[in-house]
Amino acid sequence: MAKVSIPKGTRDFSPEEVEKRNFIFNTIREVFVRYGYRPIETPTMENLSTLTGKYGEEGDKLLFKVLNNGDFLSKADEAALNNRDSNQLIASISKRGMRYDLTVPFARYVVMHQNDIAFPFKRYQIQPVWRADRPQKGRYQEFFQCDVDVVGSNSLVYEAELVQIYDEVFAKLGMDVEIKINNRKILAGIAEAAGIADQFMDMTIAIDKLDKVGLQGVQDELRKKDIPESAIATISKILEVKSLGDLKPHFANSPSGQKGIEELETVYEYFDASQAANEVNFDITLARGLNYYTGCIFEVKAKNVQMGSIGGGGRYDDLTSIFGLKDVSGVGVSFGAERIYDVMEELKLFPEQTGTSLKVLFIAFDEASHRYAFRCLNKVRAAGINSELYPEPVKIQKQMKYANARQVPYVVLIGTNEVDSGLLSFKNMESGEQEKLTLDQIIGKIK
RNA sequence: GUGGUUGUAGCUCAGCUGGUUAGAGCGCUGGAUUGUGGUUCCAGAGGUCGCCGGUUCAAAACCGGUCAUCCACCCCA
């Protein structure tokens, strides 16, 4: 066998898999459209300068860079090349990179097309993204994201709407999930209350790990970042809070914290949690790594299965200002299609028929019948029925085995008897029953 | 980037403390069955044991390296 392979972290998809994936995409798209979002697409490659610095240091490492065309080494940074300094070298040999997510390209899109856009602009985008991560369970180097975002409005009605979209999509897919919600301002409030506003990022990264490493682990992490014991004590106390109401006293001296609570309360006023199919919970430990979030943040976890988050998002007040457009606030969420697929597969949640598969296979006994069968086939196809003719009039056993392999519900057998009488042998492959019918009767039966 | 796991037929895997012709199930091809599939029975094809090197009389097995894979960490969908 030839030693062929595909790059690590990438996958081929069989017809069945593509059909199942499309089922997910179609379900998601349907909901997006009903909520008034419109599709856009952006290029696979962006200018590297568009991507770098938007995802934090870790994110920059995971960016796929595209080598410049032509004799790129002749123009390479001499010093960096001699020093074997890859990081320095990149700027001079690569000017493009592959999409890391859909949010940053969207921000770039909004800035570039700001004069053609009516705000608030609601768009959705379903495209693959690439990350040079080491693959593992639920993690690939190439995967699809399904993003919905709205920019150009501060209204918290959109936060509520996005939670509703999450709830509705997962209900439609038959998945039981927990939708977690928090607010970056609340996290900022914790930092303020603890007197470590300047170490906000270190603090959130530590807090984010609470469900994994426990309170003790978080405290250790905080100590490692040289956060004073008094602050750690304050943070620990706040982390025990379970409801927004209990949080208020802690934020007496923190305007950010108060604002965060107020925003979440407003979202809850819009969003009727009692009507939700899934749990929607305030989770003070939810932090999220992407550093452009400024307000509400969301994350979705599948229940009854071990899997990382299957969706996430939040509000970003300032993303477009990086590209020169100020005061355009945005909020959006993302669905991780690959992980949703893996969860649905594990829990066997896919409906039996996700594809538009073959309905009938024509089988001929001899050359003359084969030609006759082909003409029948065309009529059936014209009637809108997915159908096929076995390419040669070979042994019936072989043709029938093919019908089994394709899982065709009906087979039409045509030999000299059928050609002469015009009555075709119509066989139900599941029951094994067979009857003689005209082609029109057969079309009527299948439709 | 760090740590670990696994790599044997198309697929899933077995192969004992190293021992002579490397196995099973499924799948595939042909036949029993020249106008009827799924069930059954018979026969057959198919393997440089990931790759390179070392130890040994002898390596699929032991050792080193390398590549790939999966898993965990970091981070994330």
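The figures here come from the full heavy-atom set of this structure, side chains too, leaving out hydrogens, waters and symmetry mates. Every chain is numbered from 1, with letters handed out A, B, ... down the list of sequences.
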Engineer: Could you list the donor-acceptor pairs under 3.5 angstrom formed by side chains in residues 388-395 of chain A, with sequence neighbours left out?
Structural biologist:
from	atom 1	to	atom 2	distance (Å)
A:E388	OE1	A:R406	NH1	3.1
A:E388	OE2	A:Y402	OH	3.3

Engineer: Side chain of A:K137 only, please: which of B:A72, B:G35, B:C76 is the nearest?
Structural biologist: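 Closest nucleotide to the A:K137 side chain: B:A72.
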Engineer: Counting any heavy atom closer than 4.0 Å, what does A:K61 reach on the DNA or RNA strands: base, sugar-phosphate only, or nothing?
Structural biologist: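 Nothing, no heavy atom under 4.0 Å.
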Engineer: Among the nucleotides B:U33, B:U36, B:A77, which one has an atom lying closest to any side-chain atom of A:Q397?
Structural biologist: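 Per side-chain heavy atoms of A:Q397, the pick is B:U33.
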Engineer: Compare the minimum distances between each of B:C76, B:G35, B:A72 and the side chain of A:R134, then state the nucleotide with the smallest one.
Structural biologist: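 It is B:A72.
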Engineer: Does B:G31 have OP1 or OP2 under 4.0 Å away from a side-chain N or O of A:K395?
Structural biologist: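 Result: yes.
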Engineer: Answer with yes or no whether A:R131 presents, from its side chain, a donor or acceptor under 3.5 Å of a partner atom in the base of B:C75.
Structural biologist: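 No such pair is found, so the answer is no.
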Engineer: Considering only B:C74, B:G37, B:A77, which nucleotide approaches the side chain of A:Q145 most closely?
Structural biologist: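 When the side chain of A:Q145 is considered, B:A77 is the closest of B:C74, B:G37, B:A77.
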Engineer: Checking salt bridge (Lys or Arg N to Asp or Glu O under 4.0 Å) between A:E46 and each of A:R108, A:K54, A:R99, which is the one that passes?
Structural biologist: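 Passing option: A:R108.
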Engineer: Would you say A:K398 places a side-chain N or O within less than 4.0 Å of OP1 or OP2 belonging to B:U36?
Structural biologist: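 Result: no.
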Engineer: I want to verify a distance call: between B:A77, B:U2, B:U33, whose nearest atom is closest to the A:R339 side chain?
Structural biologist: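 Comparing B:A77, B:U2, B:U33 against the side chain of A:R339, the answer is B:A77.
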Engineer: Verify the contact: side-chain N or O of A:Q136 to OP1 or OP2 of B:A72, cut-off strictly under 4.0 Å; return yes or no.
Structural biologist: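 Answer yes for this pair, as a side-chain N or O of A:Q136 is under 4.0 Å from OP1 or OP2.
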Engineer: Counting only Watson-Crick pairs (N1-N3 plus N6-O4 or O6-N4) and G-U wobbles (N1-O2, O6-N3), all under 3.5 Å, who is the partner of B:C62?
Structural biologist: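 Pair assignment: B:C62 / B:G54.
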Engineer: Using a 6.0 Å cut-off, check whether atom CD of A:E433 has over 12 heavy atoms from anything other than its own residue.
Structural biologist: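 No, because the 6.0 Å sphere around CD of A:E433 holds 12 heavy atoms or fewer from other groups.
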Engineer: By the 4.0 Å heavy-atom rule, please label A:L413 as base, sugar-phosphate, or nothing.
Structural biologist: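 Result for A:L413 = base.
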Engineer: Taking N and O atoms by type only, does the side chain of A:E418 place a donor or acceptor under 3.5 Å from a partner on the base of B:G35?
Structural biologist: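 Indeed, a donor on one side and an acceptor on the other fall under 3.5 Å apart.
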Engineer: Is there a donor and acceptor pair closer than 3.5 Å between the side chain of A:Q399 and the base of B:U36?
Structural biologist: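 Flag unset: no donor-acceptor pair detected.
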Engineer: Report yes if a side-chain nitrogen or oxygen of A:K212 is closer than 4.0 Å to either non-bridging phosphate oxygen (OP1 or OP2) of B:C73; otherwise report no.
Structural biologist: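 Looking at the OP1 and OP2 atoms of B:C73, one of them is under 4.0 Å from a side-chain N or O of A:K212.
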Engineer: Which of the following nucleotides, B:C74, B:C76, B:G37, is nearest to the side chain of A:M400?
Structural biologist: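 For A:M400, the side-chain atoms sit closest to B:G37.
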Engineer: Measure from the side-chain heavy atoms of A:E58 and tell me the nearest of B:G38, B:C74, B:G35.
Structural biologist: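 The answer is B:C74.
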Engineer: Rounded to whole angstroms, how far apart are CG on A:N404 and C1' on B:U36?
Structural biologist: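 Atom-to-atom, A:N404 to B:U36, this comes out as 11 Å.
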Engineer: Closer to the 5' end of RNA chain B via nearest nucleotide, is it A:E221 or A:S431?
Structural biologist: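 Per heavy-atom nearest nucleotide, the more 5' residue is A:S431.
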